There are 2 protein chains.
Amino acid sequence: MKTRTRLDHQTRQHQIVEAARELIATGGVDSLTIRGLASRVGVTEAAIYRHVASKEEVILLLLQEVQESLFQAISRATRSDRHALERLEHMLQLHVSYVELRQGISFVVIAQAAQFEEPRVRSAGRRLVEKYLSLVSEIITQGIERGEIDKTVSPDAAAMIFFGMIQSAVTRWLFDPSTHPLSENAVAMWVLFRTSLEFSDEDADRHLKEEGTD
Amino acid sequence: MKTRTRLDHQTRQHQIVEAARELIATGGVDSLTIRGLASRVGVTEAAIYRHVASKEEVILLLLQEVQESLFQAISRATRSDRHALERLEHMLQLHVSYVELRQGISFVVIAQAAQFEEPRVRSAGRRLVEKYLSLVSEIITQGIERGEIDKTVSPDAAAMIFFGMIQSAVTRWLFDPSTHPLSENAVAMWVLFRTSLEFSDEDADRHLKEEGTD
DNA sequence: ATTGTATGTTAGTAATCGCTCACATACATC
DNA sequence: GATGTATGTGAGCGATTACTAACATACAAT
């Protein structure tokens, strides 16, 4: 069956990308080599090239996989119709869980893509970051429209702070996971940051009353 | 003169570290090679090893140099006795200028050190991050003591958000410097973040009155 | 003048890198 | 059974890596 062989090809390719992820997670980007991939998949180096054109393609596929899996992981938080602040908090939790599960691969891959000269790798990394920022920014914009977030908040700036919170937490966590638990640090930052999104007290009172009359 | 030759040695070593910085700045960490260093300094590869024991030492020296120059750059903001929020804002500006001047080398080097397995490189990177966070945290703690910052703020969490703001801005800037100017994004984030450090309105009023009576 | 040290060179090492080629094998289709 | 395609192997390519040994030279101290 052609379909089966085609599927096998995709499976092998997925195995390779998975192996790439594991290699980077355990030994950093420098340990991503064709030899290492072959050894992990259980074939020879030449066989790797049956499913992948070059090492660059492996990196591009990995970036794509990271993007898909990350947005898959946080999608539960975004598509709810709850309060914007709850959605953001949920999103942060899901993102933190994702980072722990995947051992910070997203951070490492993005940092690496940023210093690549190859334009396709660069723009793949750029698109990943921009897409993430747009998602957060959109939630905040919606929150403002619904009167759940202070309207003086710049959605773009808030999204960048949100993204930066994760970068900051992951950086520390990568250096010393035991003393810098991801979720605890993330929660502590969120508790602080959300105060800059909320209404000041008088506005909040006014908003509560408005809600009550609706 | 022994002193002169010793000085020359240090000068050469400094040239090498400078060359390492430039290599990474233009081509990413992968373009940091002994060949590249030799070519940039204007000597042969073997001569590099007269002033440096290994490539690892180059990285360690670079980390050290980044730490020294960064703290040198932001020191003007820290040792002033102005309002804590002003000091933080000034520090952010100085840090941003530093990143622009050094082409984001600190971000790249830290991200790279985080995925090294070599313990000395790892801990050098870790110490750099922790020292920076302590500095910010201390300013905030002082600000709380002086009644300039809301006492419910967690200094550690605030420091991490501060650090994350820079990481976030630099990440975007590395991908596309023209469309994501560092200082503009940093200022936009700061305007938002500082609201979570400030007193709520009533407290601020109360504090102002207290200040007046002092 | 001699000696020692710092600093450079040329030439090379073994290891690893990404990648390719000629060839084998399994298997679906005809 | 013949054919074509997908997928594998072994061997090896040229390039690059970090690093070293043997040797040269400049120069300060004695």
Side-chain angles (χ1 to χ4, degrees), chain A residues 1-24 26-63 112-113 115-118 120-121, chain B residues 1-21 23-24 26-63 112-113 115-121:
Chain A
M1 284 173 277
K2 263 188 183 174
T3 42
R4 204 173 71 87
T5 49
R6 277 259 202 96
L7 214 96
D8 275 354
H9 176 71
Q10 287 183 6
T11 301
R12 262 281 189 263
Q13 197 180 63
H14 189 266
Q15 279 180 20
I16 291 170
V17 176
E18 188 72 3
R21 190 176 65 73
E22 293 166 5
L23 283 176
I24 292 180
T26 57
V29 283
D30 292 342
S31 51
L32 172 58
T33 63
I34 303 294
R35 264 177 185 71
L37 288 176
S39 147
R40 252 195 176 273
V41 173
V43 295
T44 59
E45 295 176 52
I48 297 293
Y49 287 94
R50 294 287 178 198
H51 308 277
V52 133
S54 62
K55 182 179 176 180
E56 183 192 313
E57 197 193 348
V58 176
I59 297 172
L60 283 170
L61 287 169
L62 181 59
L63 271 164
Q112 196 68 12
Q115 42 181 322
F116 249 80
E117 28 194 352
E118 215 288 319
R120 283 184 300 182
V121 176
Chain B
M1 285 173 277
K2 261 189 183 174
T3 41
R4 205 172 72 87
T5 48
R6 278 258 202 99
L7 214 97
D8 275 354
H9 175 73
Q10 286 185 6
T11 301
R12 265 278 189 264
Q13 197 180 63
H14 189 266
Q15 279 180 20
I16 292 169
V17 175
E18 188 72 3
R21 189 177 67 73
L23 283 175
I24 292 180
T26 56
V29 283
D30 292 341
S31 50
L32 172 58
T33 64
I34 303 294
R35 259 183 187 64
L37 289 176
S39 145
R40 255 195 173 274
V41 173
V43 295
T44 59
E45 295 176 52
I48 297 293
Y49 287 94
R50 294 288 178 195
H51 308 276
V52 135
S54 62
K55 183 179 175 180
E56 184 193 313
E57 197 192 348
V58 176
I59 298 172
L60 283 169
L61 287 168
L62 181 59
L63 271 164
Q112 196 68 14
Q115 42 181 319
F116 249 79
E117 26 195 353
E118 215 290 315
R120 284 183 300 183
V121 176

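Per chain, numbering begins at 1; letters A, B, ... match sequence-line order. Predicted model only: the values in this text are computed from it and were never measured.
Atom CD of B:Glu56 is surrounded by more than 12 heavy atoms from other residues, nucleotides or ligands within 6.0 Å. The number of heavy-atom neighbours closer than 6.0 Å to CD of A:Glu118, taken from other residues, nucleotides and ligands shown, is above 12.
Remark: A:His51 is not in phosphate contact with D:dA6, judged by side-chain N or O atoms under 4.0 Å from OP1 or OP2. Distances shown here put a side-chain N or O of B:Thr44 below 4.0 Å from the OP1 or OP2 atom of C:dT9. Considering only side-chain N and O atoms, B:Arg12 lies under 4.0 angstrom from the phosphate OP1 or OP2 of C:dG8.
Whole-Å rounding puts the B:Tyr49 OH to D:dA18 P distance at 6 Å. A straight line from CD of A:Glu56 to C1' of C:dG18 spans 12 Å, rounded to a whole angstrom. Rounded to whole angstrom, the span from the CD1 atom of B:Ile48 across to the P atom of D:dT17 amounts to 14 Å.
With a 4.5 Å cut-off on side-chain heavy atoms, B:Val29 and A:Gln112 count as touching. No side-chain heavy atom of B:Val17 sits under 4.5 Å from any side-chain heavy atom of B:Arg21. Two residues are said to be in side-chain contact when any heavy atoms from C-beta on lie closer than 4.5 Å; B:Ile16 and B:Leu61 fail this criterion.
Distances from the side chain of A:Ala46 to the nucleotides D:dG10, C:dG8, D:dC19 place D:dG10 closest. Side-chain proximity of A:Val43 to the nucleotides C:dT10, C:dG8, D:dG8 is greatest for D:dG8. Looking at the side chain of A:Lys55, the nearest of the listed nucleotides C:dC19, D:dT9, C:dT9 is C:dC19. Checked against C:dG8, D:dG8, D:dC19, the side chain of B:Ser54 finds its nearest nucleotide in D:dC19. Side-chain proximity of A:Arg50 to D:dA22, D:dA18, D:dG8: nearest is D:dG8.
Contacts of B:Leu23 classified as side-chain contact (heavy atoms from CB on, under 4.5 Å), with partners at least two apart in sequence or in another chain: B:Leu32, B:Leu37, B:Arg40.
Listed by residue number, the members of residues 29-37 of chain B with any heavy atom below 4.0 angstrom from DNA chain D are B:Leu32, B:Thr33, B:Ile34, B:Arg35.
Atom OG1 in B:Thr26 sits 11.0 Å away from atom CD in A:Gln115 (nearest 0.5 Å).
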